[in-house]
Amino acid sequence: MAAAPAAVVERVRPVLAAMGDKVFHVGEAPGQGATVKTVNQLLCGVHIAVVAEAFSLAAKAGVDLAVLLEIMSGSAASSWMLKDRGPRMLEAEPGITSAVDIFVKDLGIVLEAGRGAKAALPLAAVAHQMFLSASGRGEGAMDDSQVIRSYHLLNGVTPG
């Protein structure tokens, strides 16, 4: 994700291509590449948090989360994050692919970008609070899927 005059991007494209298999020219203003990355992290963080929220609601209602995951993974509600993080939300101690504290940091960056642009980001703010809750309990190094623990605590759900 590169932001610069088109001629500059084309001139440095071979260098950029050596660093990644896709190069996108996202605009000419400095910072637009970082903005695209920030928007990506907003979507990722909120997707993980909403999967956790949905699973916690289902668990509170006594629904088997493994069955729910199978159904949702093949429905219009499916997303890459559901399919990737959902199975790990069902594990007590999943392997770590991305830590809770990564989203504490990234959603903090998202909220700063929102403040700078005077853009309201209420979903990002709530997701950030849920990741902060996990981190504040000493779970910041756990897999980010474990933000579900914040929802379970909030809802009085005992995972099982």
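Here, residue 1 is the first one in the sequence, and each next residue gets the next number. Both backbone and side-chain heavy atoms feed into the values below; hydrogens, waters and symmetry mates do not. Values in this document were obtained by computation on a predicted structure and should not be read as measured data.
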Before giving the answer on side-chain contact (heavy atoms from CB on, under 4.5 Å), spell out for S56 and L154 the whole-Å C-alpha distance, their side-chain angles and the decisive distance to 0.1 Å.
CA-CA 9 Å; S56 188; L154 185 65; over 6 Å; no
Nearest 0.5 Å please: distance from the CG atom of L57 over to the CG atom of L68.
9.0 Å
Starting at OG1 of T97, measure out to CG of D84 and round the result to the nearest 0.5 Å.
6.0 Å
If the threshold is 4.0 Å, N to carboxylate O, is there a salt bridge linking E91 and R85?
no
Donor-acceptor check, side chain of S75 to backbone of M72, threshold 3.5 angstrom: yes or no?
yes
Interatomic distance, CD@Q146 vs CZ@R88, rounded to 0.5 Å, equals 9.0 Å
Side-chain contact test, heavy atoms from C-beta onward, threshold under 4.5 Å: evaluate it for H128 versus L111 and give yes or no.
yes
Answer yes if I48 and L90 sit in the same cluster of Ile, Leu, Val, Met, Phe, Trp and Tyr residues linked by side chain heavy atoms under 4.5 Å apart, and no otherwise.
yes
L65/M89 under side-chain contact (heavy atoms from CB on, under 4.5 Å): CA gap, chis, key distance, verdict:
CA-CA 9 Å; L65 295 184; M89 287 183 187; over 6 Å; no
Contact summary for A141 and I96, nearest pair of heavy atoms:
O-CD1, 3.2 Å
Ignoring hydrogens, what is the shortest heavy-atom contact between A124 and V110? Give both atom names and the distance.
CB-CG1, 3.9 Å
Would you say the side-chain atoms of T35 pair up with the backbone N or O of G31, donor to acceptor, closer than 3.5 Å?
yes
Provide the closest heavy-atom pair for V26 versus A3 in the form atom of the first, atom of the second, distance.
CG2-CB, 4.2 Å
So which atom in F103 and which in G45 form the shortest heavy-atom distance, rounded to 0.1 Å?
CE2-N, 3.4 Å
Does any part of the side chain of V36, heavy atoms only, come nearer than 4.5 Å to the side chain of Q32, both counted from C-beta?
no
Could you tell me whether the side chain of R149 reaches within less than 4.5 Å of the side chain of M142, counting heavy atoms only?
yes
Single-linkage hydrophobic cluster L43~L107, side-chain heavy atoms < 4.5 angstrom:
no
Distance, nearest 0.5 Å, that separates CD of E112 from CG of L121
11.0 Å
Let me confirm one number: the CZ-CG distance from R11 to L16, rounded to the nearest 0.5 Å.
11.5 Å
Run F55 and L69 through side-chain contact (heavy atoms from CB on, under 4.5 Å) and show every step you take.
CA-CA 8 Å; F55 279 21; L69 176 60; 3.9 Å; yes
Could you state whether V104 and I148 fall into the same hydrophobic cluster, counting links through intermediate Ile, Leu, Val, Met, Phe, Trp or Tyr residues with side-chain heavy atoms under 4.5 angstrom apart?
yes
Option passing side-chain hydrogen bond (donor to acceptor under 3.5 Å, both in side chains) with S150 (candidates R137, E53, E139)
R137
Mark yes when over 12 heavy atoms from residues, nucleotides or ligands other than E28 sit less than 6.0 Å from its CD; otherwise mark no.
yes
Please check: side-chain N/O of N155 versus main-chain N/O of V157, any donor-acceptor pairing under 3.5 Å?
no
Can you name the nearest heavy-atom pair linking A113 to T38, along with the distance?
CB-CG2, 4.0 Å
What's the verdict on side-chain contact (heavy atoms from CB on, under 4.5 Å) for V9 and R13, showing C-alpha distance, side-chain angles and the deciding distance?
CA-CA 6 Å; V9 172; R13 187 173 290 278; 3.9 Å; yes
Examine L153 and Y151 and state if one hydrophobic cluster contains both, with Ile, Leu, Val, Met, Phe, Trp and Tyr joined whenever side-chain heavy atoms are less than 4.5 Å apart.
no
Check whether W80 and V39 end up in the same hydrophobic cluster, where Ile, Leu, Val, Met, Phe, Trp and Tyr are linked by side-chain heavy atoms less than 4.5 Å apart.
no
So, E10 side chain and A7 main chain: donor-acceptor pair closer than 3.5 Å or not?
no
Closest non-hydrogen contact found for H25 with P5 is NE2-C, 4.2 Å
What distance separates I102 CD1 from D143 CG, expressed to the nearest 0.5 Å?
11.0 Å
